[in-house]
There are 2 protein chains.
Amino acid sequence: MATRKRTDALTRARIVDAAIAVLDADEEAGLTFRALSQALATGPGAIYHHVSGKGELLDAATEAVVTAALDLPGGGAAPREEVHALALGLFDAIDDHPWVAAQLAAQLARTSAHGASLRILEALGRRVMTLGVPREHWFTTTTALLYYVLGAAGQNAAARESSGGDDRAAVLAREADAWESLPAEDFPFLRAVAAQMRDHDDREQFTAGVDLVLAGIAASGARVSGGSAR
Amino acid sequence: MATRKRTDALTRARIVDAAIAVLDADEEAGLTFRALSQALATGPGAIYHHVSGKGELLDAATEAVVTAALDLPGGGAAPREEVHALALGLFDAIDDHPWVAAQLAAQLARTSAHGASLRILEALGRRVMTLGVPREHWFTTTTALLYYVLGAAGQNAAARESSGGDDRAAVLAREADAWESLPAEDFPFLRAVAAQMRDHDDREQFTAGVDLVLAGIAASGARVSGGSAR
DNA sequence: ACCTGAACACCGTTCAAGT
DNA sequence: ACCTGAACACCGTTCAAGT
């Protein structure tokens, strides 16, 4: 909020930091070059000396958040624990910066894999390689993990956002109510799972999902690697 | 392309059809109310009599595409085959209308589940219920499947788009080359999977990924349901 | 009631002019 | 070289005026 009075020169890093602050406060729609230049106490044109346009700015902001989230302690933990740590790191990062979810999704939809999403893919894949998965499943396995992590974390963040500061339990109850009032012939599944939505822990359910995908990995790799079943 | 000369009255359905045509031709950035009204031989304001704004229009266009894709033959096939059919139906729909992937992702990121994404969740979940998965895993299992299907189908569509009409094999080779030229210490995983990217069938790999998630489902359900292992 | 299209309040981006 | 901020070419949306 404190509109700095250009104490030091404009840098790409300061611009990206300011962009993250604006995105956190006002979501993607709030990030305009006018708002951003005001926060930096300069004119809109100045930003273009350090960043080629809005697209690159969004990518850079996403990259900064993801890089921080992927920075693990580094002590050689078991690969399965590292996958958990990476997944939860991204979960929390997206929880803090909900706009990152849509940004990563758009980045993935735009191209095969670039920038931040490429880094995530590599970080997850490196652990998958050591989990006893047959080599020909490495890629599919890792992308499945990536999609689950981004999808579930994004949905969690969206649910928190829409609460508007409400009690989390109240939001879950409202959602559960909505699902239970759907027509029974058309939505048997959503009605069936509505109850279990009413009380669950978000992070716990997220980790359970990661384990489910890892179970698929273990099952498809069982023929080769034998058991880490226990 | 044929700018009709308002033979019949403007309807919501005609507007949505025209929007889909524009999106298919010019991607999301090409859908403006000016372009759309020109295609419909009217003024921009006319559209607002049938649709509340651009957001609703995008949702309606997505809904139309997804509804068509989810419309299965209906003969009671095995649930596993039906999941395959649903997944491939979405895969092909997103292949034909690449903008749908980003739209569904945004829809999921915006809210817990609405409109088109809610329908997909229900369609997949109904089959998951009959696959012997323990009840407490229904929701996580189905969302994992949903995220994989949307993520993988979207990425496939993006890869096709970026080819610009090039030979598919050439695109894969170029991507494989790019991955292989990444620094070895930083990207051991992507370098390891680059080779298998060079020649693979897109739909085949997609189905293999669906099976991987289904394997996770089978593994976590094994304790309860016994084997459809074969 | 539905349509029309000019007008309004924005936006990203550019660029002459300053330092 | 970096910054400034007015100006340009758009955009979604509104609304008086028409039929």
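Heavy atoms only: backbone and side chains are in, while hydrogens, waters and symmetry mates are out. As the structure is a computational prediction, the values presented were derived from the model and not from experiment. Order of the sequence lines sets the chain letters (A, B, ...), proteins ahead of strands, with each chain counted from 1.
R198(A) places no side-chain N or O within donor-acceptor distance of the main-chain N or O of A194(A), the cut-off being under 3.5 Å. Checked by atom type and distance alone, the side chain of R126(B) never pairs as donor or acceptor with a backbone atom of P188(A) at under 3.5 Å. With hydrogens and angles disregarded, no donor-acceptor distance shorter than 3.5 Å links the side chain of Q196(B) to the backbone of F139(A).
The side chain of L10(B) sits closest to dC3(C) out of dC3(D), dC3(C), dC11(C). Among the nucleotides dC3(C), dG12(C), dG5(C), the one closest to any side-chain atom of F33(A) is dG12(C). Of the candidates dG12(D), dC3(D), dT13(C), the closest approach to any side-chain atom of H49(A) belongs to dC3(D). In the set dC11(C), dT13(C), dG12(D), the nucleotide with an atom closest to the side chain of P44(A) is dT13(C). Taking every side-chain heavy atom of R34(B) into account, dG12(D) is the closest of dG5(C), dC3(C), dG12(D).
Rounded to the nearest 0.5 angstrom, M197(B) CE and L190(B) CG are separated by 9.5 Å.
Here the P atom of nucleotide dC11(D) and the OH atom of Y48(B) are 12 Å apart, to the nearest Å. Here the P atom of nucleotide dT13(C) and the CD1 atom of I15(A) are 13 Å apart, to the nearest Å. Nucleotide dC11(C) holds its P atom 9 Å from the NZ atom of K54(A), rounded to whole Å. The CD1 atom of I47(B) sits 15 Å away from the P atom of dC2(C) (whole-angstrom rounding). Whole-Å rounding puts the Q38(B) CD to dG5(C) C1' distance at 13 Å.
Using a 4.0 Å heavy-atom distance criterion, L31(B) is classed as a sugar-phosphate-only contact.
Taking a cutoff of 4.0 Å between a charged side-chain nitrogen and a carboxylate oxygen, K54(A) and E28(A) do not qualify as a salt bridge.
Counting only heavy atoms from C-beta outward, the side chains of L88(B) and R203(B) approach each other to under 4.5 Å.
Two residues, A46(A) and A46(B), neighbour DNA chain D, and the one matched to the more 5' nucleotide by heavy-atom proximity is A46(A).
For H50(B), a side-chain nitrogen or oxygen approaches OP1 or OP2 of dC3(C) to under 4.0 Å.
In DNA chain D, runs of at least 3 consecutive Watson-Crick or G-U pairs, each pair with both distances below 3.5 Å, span C:4-8 with D:12-16, C:12-16 with D:4-8.
Applying side-chain contact (heavy atoms from CB on, under 4.5 Å) to L104(A) and the options V65(A), L146(A), T62(A), V149(A) leaves one that passes, T62(A).
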